[in-house]
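Okay, so here's the structure we're looking at.
The structure displayed is predicted, hence computed values, not measured ones. Because only heavy atoms are used, hydrogens play no part in the values below, and waters and symmetry mates are left out as well, while side chains stay in. Residue numbers begin at 1 in each chain, while the letters A, B, ... track the order of the sequences.
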2 protein chains.
Amino acid sequence: MCAMARPRKPLLSRDLIVETAAALVDAEGLAALSTRRLAAELGVSGPSLYNHFRTKDEILDAVADAVSAQIDLSMFDETDGRDWRTALHDWAVSYRSALADHPHVVPLLAEGPGRRPAGLKVADAVFGAMVRAGWPPAQATSIGALMRYFITGSALGSFAGGFVDDASAYDPADYPHLGQAHLLAERQEVVDERAFETGLTALLDGLALQYETGVRGQWAGRSS
Amino acid sequence: MCAMARPRKPLLSRDLIVETAAALVDAEGLAALSTRRLAAELGVSGPSLYNHFRTKDEILDAVADAVSAQIDLSMFDETDGRDWRTALHDWAVSYRSALADHPHVVPLLAEGPGRRPAGLKVADAVFGAMVRAGWPPAQATSIGALMRYFITGSALGSFAGGFVDDASAYDPADYPHLGQAHLLAERQEVVDERAFETGLTALLDGLALQYETGVRGQWAGRSS
DNA sequence: ACCTGAACACCGTTCAAGT
DNA sequence: ACCTGAACACCGTTCAAGT
């Protein structure tokens, strides 16, 4: 009695697995996600997952793409030469905030979009908008790349939180300028937020300079 | 006969373990590093490692710091208000090249310097130099943070290499602007190199603007 | 002090078996 | 088609035992 196999309605679905995996990773980190633990959370046995995904990596891939899907891209809808800078800024803020909500997922995004649809949508939107705004394709590619460098780098790990909250860790003989470093940890959010905004402003100011130079010279030559 | 325990000279040392671990991670990635595999590579049994390190994570920490130790910091020796930009540029290039030599190690650096001596030396050098160059301490902290964001982000994973080398992956209906994306993979190094230099130049141009504004107003107020 | 094998509580994945 | 338990080849780490 009590037949356990093959219920009339499937117990699992790809979406349910991905949701549960994402919640587990958010709550306890990547290391906490084992197929057995995930299955237990779903109330099934470990091997059941393999009816829906081929490997654990495929599950993680889907989790990563779910995060990419949360990035707002609407600011690129009508970008033109006037407002590429504003669009880039707003996108960067939305991008960072999507990643910051799921910091443990960031390393999974390191591999690039691959075949993940949401990741490709992001690349498509920013590249298309920059070209429409007047950037030559090669420069538009660079912008997509360099923005990703900066944003994933800022979401990968807190700068301020990387310093221990313990003054005795910073011997003045070894680190003469880190006398206040132990204070960084407790001001983590403010410090990282300010550094991100400062860097983003600098990046966009610098790109605006290159844009000016480019349109003036009508993008003659290979940049320079 | 053939007494196996306690030889007169230790078989292992922390340095030997770290070297071997780094070589293994470089060659086969983080996932290939298990304590048992590492021990086998060293010709000892798995538990032997625990005489020299408390956990596997401690070994990885030491590997990460060995990479940080390869970053050139000499450009900060005599930085002043005239050449902070050049120093920052040269440091960024050296930093990126150190990480690019060991891409699998980059995720380990995400946590920040913590108590790792080489990581702290880097933070100390750049912060000290920026303050000496005339940047207010809060801005010097931001510069250290934002440069780390950009550099680790660029080393974490190739942008161009994140796209699959297969034109059929980019359906024009879904991704109207990615018609050439499949070409990125084969031009990986050039594309990433150019994006890095473009971004670095933009970042430094933008910071120079902020520096100008700051010294003119004698850093009145909280930046503005 | 520094190495060993045995052992514990885990992993990801395969597979034959059930309905 | 979709779930099961058993099984395989792994993990990180602890520990008593050896010298």
Side-chain angles (χ1 to χ4, degrees), chain A residues 1-64 104-105 107-108 111 114, chain B residues 1-64 104-105 107-108 111 114:
Chain A
M1 72 205 56
C2 174
M4 289 310 292
R6 179 69 161 135
R8 51 196 72 232
K9 277 270 279 216
L11 296 172
L12 259 31
S13 69
R14 286 178 67 96
D15 282 350
L16 184 58
I17 292 169
V18 172
E19 265 173 50
T20 311
L24 189 52
V25 169
D26 282 344
E28 306 187 32
L30 272 178
L33 187 83
S34 72
T35 54
R36 294 164 125 107
R37 172 78 191 280
L38 175 56
E41 215 85 25
L42 287 158
V44 298
S45 80
S48 304
L49 301 171
Y50 290 83
N51 286 294
H52 304 269
F53 290 93
R54 266 197 308 250
T55 61
K56 182 189 172 182
D57 273 354
E58 232 177 51
I59 299 175
L60 289 172
D61 228 47
V63 170
H104 296 128
V105 177
L108 301 176
E111 312 278 295
Chain B
M1 73 207 51
C2 172
M4 287 313 291
R6 178 69 161 132
R8 52 197 72 231
K9 278 270 281 219
L11 297 172
L12 259 32
S13 70
R14 286 178 66 97
D15 283 351
L16 184 59
I17 291 170
V18 172
E19 266 172 49
T20 311
L24 189 53
V25 170
D26 283 343
E28 305 187 34
L30 272 179
L33 188 83
S34 72
T35 55
R36 293 164 126 107
R37 172 78 191 279
L38 174 57
E41 215 86 25
L42 287 158
V44 298
S45 79
S48 304
L49 301 171
Y50 291 84
N51 286 295
H52 303 270
F53 289 93
R54 267 198 306 251
T55 62
K56 180 188 174 183
D57 273 354
E58 232 178 51
I59 299 176
L60 289 172
D61 228 47
V63 170
H104 296 126
V105 177
L108 300 177
E111 311 278 293

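- In a base pair of the Watson-Crick type (N1 to N3 plus N6-O4 or O6-N4) or a G-U wobble (N1-O2 and O6-N3), with each distance short of 3.5 Å, D:dC3 is matched with no nucleotide.
- Contacts of A:Thr35 with the nucleic acid, taken as non-hydrogen atoms under 4.0 Å apart, include base atoms.
- If you check C:dC8 for Watson-Crick or wobble pairing at under 3.5 angstrom, you find it paired to D:dG12.
- As rounded to whole Å, 15 Å separates atom P of C:dC2 from atom CG of B:Leu42.
- If you take NZ of A:Lys9 and C1' of C:dT19, they are 18 Å apart, rounded to a whole angstrom.
- Straight-line distance from the CZ atom of B:Arg36 to the P atom of D:dT13: 11 Å, rounded to whole Å.
- Residue A:Pro10 has its side chain nearest to D:dC3 when only D:dC3, D:dT13, C:dC3 are considered.
- Using a 4.0 Å heavy-atom criterion, one finds that A:Leu38 contacts no nucleic acid atom at all.
- The A:Tyr50 side chain lies nearest to C:dG12 when the options are D:dG12, C:dG12, C:dT4.
- The CG atom of B:Leu33 sits 11 Å away from the P atom of D:dT13 (whole-angstrom rounding).
- For B:Leu49 and C:dC2, the CG to P distance is 14 Å, given to the nearest whole Å.
- Rounded to a whole Å, the CZ atom of B:Phe53 is 15 Å from the P atom of D:dG12.
- Nearest to the side-chain atoms of A:Ser45 among the listed nucleotides C:dC11, D:dT13, D:dG5 stands D:dG5.
- Remark: A:His52 is in phosphate contact with D:dC3, judged by side-chain N or O atoms under 4.0 Å from OP1 or OP2.
- At whole-Å resolution of the value, CG in B:Asn51 and P in C:dC2 are 7 Å apart.
- Summarising the geometry, the separation between CG on B:Leu11 and C1' on D:dT19 is reported as 13 Å, rounded to the nearest angstrom.
- A distance of 9.0 Å separates CG in B:Asp57 from CG in B:Leu108, rounded to the nearest 0.5 Å.
- No donor-acceptor pair closer than 3.5 Å links the side chain of B:Arg14 to the backbone N or O of B:Phe53.
- The backbone N or O of A:Ser48 lies less than 3.5 Å from a partner atom in the side chain of A:Asn51, making a donor-acceptor pair.
- Minimum atom distance to the side chain of B:Pro47 is reached by C:dA6, of the listed D:dA7, D:dC11, C:dA6.
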_Working for side chain to side chain contact (heavy atoms under 4.5 Å, CB included), residues A:Val63 and A:Leu33_ = CA-CA 12 Å; A:Val63 170; A:Leu33 187 83; 6.0 Å; no

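- Residue contacts for A:Ile59: at a heavy-atom cut-off of 4.0 Å it reaches no nucleic acid atom on any strand shown.
- Across all non-hydrogen atoms, the minimal contact from A:Ala32 to A:Leu24 is O-CD2, 4.1 Å.
- Residue contacts shown for A:Ser34 are limited to sugar-phosphate atoms, with no base heavy atom under 4.0 Å away.
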